[in-house]
Structures are given as C-alpha cells and as structure tokens.
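Count residues from 1 along the sequence.
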Amino acid sequence: MENTGGKKFTMARGRVLMSANILLFVVALLINIISFQRLNICDNTNCSSSIRRHLQGISQHYPLAELSRTLMRFDAELGAPSVFKGQPRKELDDAWGAIVDQPMILVNKETLEAYDPTSKPSKSKSGHYYATVEVYHQLHCLDITREFIWRDHYQHVDTFQDPPEMVWERVDHCIDLLRQVLMFNADTGLIFYTHMGQLQPAARVSINHMCRKFSHITDWVNSHDSERDDAFAELT
C-alpha cells in the first residue's frame, strides 16, 4: 500500500522550500535595486574619487587592495591538459587543495571598517580582526561545484553530509556567487576566431589578459597567517 501520508509531507515540504526561495529572491532583488539607486546618487567622477580614497586609505595596512597587474595568457583551449581538470584523482585533489586551503589573516580596525563594518566582528587577542581574502572563498565555491559534479566520488566531503536540499542550496549559492564575481569583474577582453573553411570558425580563447599574480596573493596571505598571532577569537 502506498504511503500517501509520506508523499503529502514531502510535497508540502517542497512547496515550503520553494516559497522560501522565492521570498529570498524577492528580498535580494529589492536590496540590489536599492543599492543600485544609492550608487547612482553620485556621478562617475565623484564615485571614482571615493573609491581611490578608500583604496589609498587602507593600502598601507592591506597592500593587496592595490596589487599591480601583469600581462598573462589564458591556457583555455578545449582539450588542453591541466592538473585542475579531469576525473577525480589524488593529483587533482591536491592541486585544488593547494589553491583553496589558505589561512585567515588579521587586519586592523581601519581596514575592517573600509570593507565591512559589521556589528560583531571576530577579534583576536591582539586587537586585530579575522578575515579571509575573498578569492579563496570564490575558489572554494568553484571546488564545491566541481565536487558536486562528481559527488558519487566525494560522498565523504563534509558539505555533502547535509540533507539533499541543503546541499543543493549550497551549490546554488556557489553558482550565483560566481555569476556575480564574473559580472562585477566583467572581462572586456576580445576573443577572435580562426577561419576554418567550410567549418564553423573556431574561437581562440587562449588570449592575453592583465592579471594579478595569484602566487603573490598566496605568498602574502601565508606570511600574514592569523595563526602567527593566536588561534583564538572572541566577539567584540
């Protein structure tokens, strides 16, 4: 005999989750609209000057804020070998772990207030504040999405121990976060095409870009590991 009660409960829970997601989307949309309207209060010149002053004010304490860029070339051709690509294997997991698993750092009050003046920041005993350089959270999200594709192999990962709806929610969060990163840092480089005769032109995606050197960021973060101060935090 079918368990109709269980089915009704599952359907009801699904409707509740869908309603909650719709509500969160509407709230997020309204917040974005309000934020956009606020940004439009100042003209481009004033806003640019404000951003420059913001960066100049914290760069002496947090030099990554003004890290210079250098010319680098993407290696993005279809089928190009990469240690970060392919089926799960130790070499692949070690490569991703090396770029994702980076320590927190400690910043002063001025840097905290410039980026995120939260009401209860996590503070070290030295009086500095714990922070993570954002690129590592973004790479973590990309890694979680990669593992989700191969989740039969990564069942042991902590993220996938949660109920299925929470796992889906986290992956959805990561996908949308990466969408925002790509759009807010919109790459205006140009992709050109190789004439292939009767075939469709082939995109040349391995092109030059002005990039921050990732190794410089990681070296700086590791030299400012919060563990060098203390491993304990307290709420202020």
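Comment: K90 engages D94 in a salt bridge, judged by a side-chain N to carboxylate O separation of less than 4.0 angstrom.
Looking at every heavy atom in both residues, Q200 comes nearest to M196 through O-CG, 3.5 Å. When all heavy atoms are compared, the tightest approach of A76 to V205 is O-CG2, 3.1 Å.
Atom CG of L78 has 12 or fewer heavy atoms from other residues, nucleotides or ligands within 6.0 Å. In the displayed structure, M183 atom CE is contacted under 6.0 Å by at most 12 heavy atoms of other residues, nucleotides or ligands.
Residues forming a ring pair (Phe, Tyr, Trp, His ring centres under 6.0 Å) with W220 (at least two apart in sequence, or on another chain): Y62, H224. Remark: D158 engages no residue in a salt bridge (charged side-chain N to carboxylate O under 4.0 Å, His left out) (not counting sequence neighbours). Scanning for side chain to side chain contact (heavy atoms under 4.5 Å, CB included) contacts around N185 gives V181, with sequence neighbours left out. Applying the side chain to side chain donor-acceptor pair (under 3.5 Å) rule to H173 yields no partners; only residues at least two apart in sequence or on another chain are considered. Under the ring pair (Phe, Tyr, Trp, His ring centres under 6.0 Å) criterion, Y154 pairs with no residue, sequence neighbours left out. Evaluation of the salt bridge (charged side-chain N to carboxylate O under 4.0 Å, His left out) rule for R179 yields D176 as partners, not counting sequence neighbours. For D162, the salt bridge (charged side-chain N to carboxylate O under 4.0 Å, His left out) criterion is met by R170, not counting sequence neighbours.
For residues 88-110, the pairs satisfying ring pair (Phe, Tyr, Trp, His ring centres under 6.0 Å) are F84-W96, with sequence neighbours left out. Identified under the ring pair (Phe, Tyr, Trp, His ring centres under 6.0 Å) test for residues 187-211, with sequence neighbours left out: F74-H209. Screening residues 131-143 for side chain to side chain donor-acceptor pair (under 3.5 Å) gives Y136-T218, D143-R146 as the qualifying pairs, with residues at least two apart or on separate chains. Identified under the disulfide bond (SG atoms under 2.5 Å apart) test for residues 194-223, with sequence neighbours left out: none.
Checking side-chain atoms of R73 against main-chain N and O of S206 turns up a donor-acceptor pair under 3.5 Å. No donor-acceptor pair under 3.5 Å is formed between the side chain of R69 and the backbone N or O of L67. Panel note: side chain K85, backbone A80; a donor-acceptor pair is recorded below 3.5 Å. Without hydrogens or angle criteria, Q161 side chain to Q155 main chain gives a donor-acceptor distance under 3.5 Å.
Note that the OH atom of Y129 and the OG atom of S122 stand 10.5 Å from one another [nearest 0.5 Å].
Both V100 and F160 belong to a common hydrophobic cluster when Ile, Leu, Val, Met, Phe, Trp and Tyr are linked at side-chain heavy-atom distances under 4.5 angstrom. Note on I149 and L139: same hydrophobic cluster, where clusters join Ile, Leu, Val, Met, Phe, Trp and Tyr whose side-chain heavy atoms are under 4.5 Å apart, directly or indirectly. Under the 4.5 Å side-chain heavy-atom criterion for ILVMFWY residues, a single connected hydrophobic cluster contains both I144 and I175. Under the 4.5 Å side-chain heavy-atom criterion for grouping Ile, Leu, Val, Met, Phe, Trp and Tyr, I99 is not connected to M72 through any hydrophobic cluster. Note on V133 and L178: same hydrophobic cluster, where clusters join Ile, Leu, Val, Met, Phe, Trp and Tyr whose side-chain heavy atoms are under 4.5 Å apart, directly or indirectly.
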Extract all donor-acceptor atom pairs below 3.5 Å that involve side chains of residues 101-109 and protein atoms in other chains or at least two apart in sequence.
from	atom 1	to	atom 2	distance (Å)
Q102	OE1	N222	ND2	2.7
Q102	NE2	A98	O	2.7
N108	OD1	E110	N	3.4
N108	OD1	T111	N	2.9
N108	OD1	T111	OG1	2.8
N108	ND2	H61	ND1	3.0
N108	ND2	H61	NE2	3.4
N108	ND2	E110	OE1	3.2

**Prompt:** Stepwise, does the side chain to side chain contact (heavy atoms under 4.5 Å, CB included) test hold for Q87 with W150?
**Reply:** CA-CA 8 Å; Q87 297 186 15; W150 299 95; 3.4 Å; yes

**Item:** Residues V171, T159; criterion side chain to side chain contact (heavy atoms under 4.5 Å, CB included); working and verdict
**Value:** CA-CA 10 Å; V171 174; T159 300; over 6 Å; no

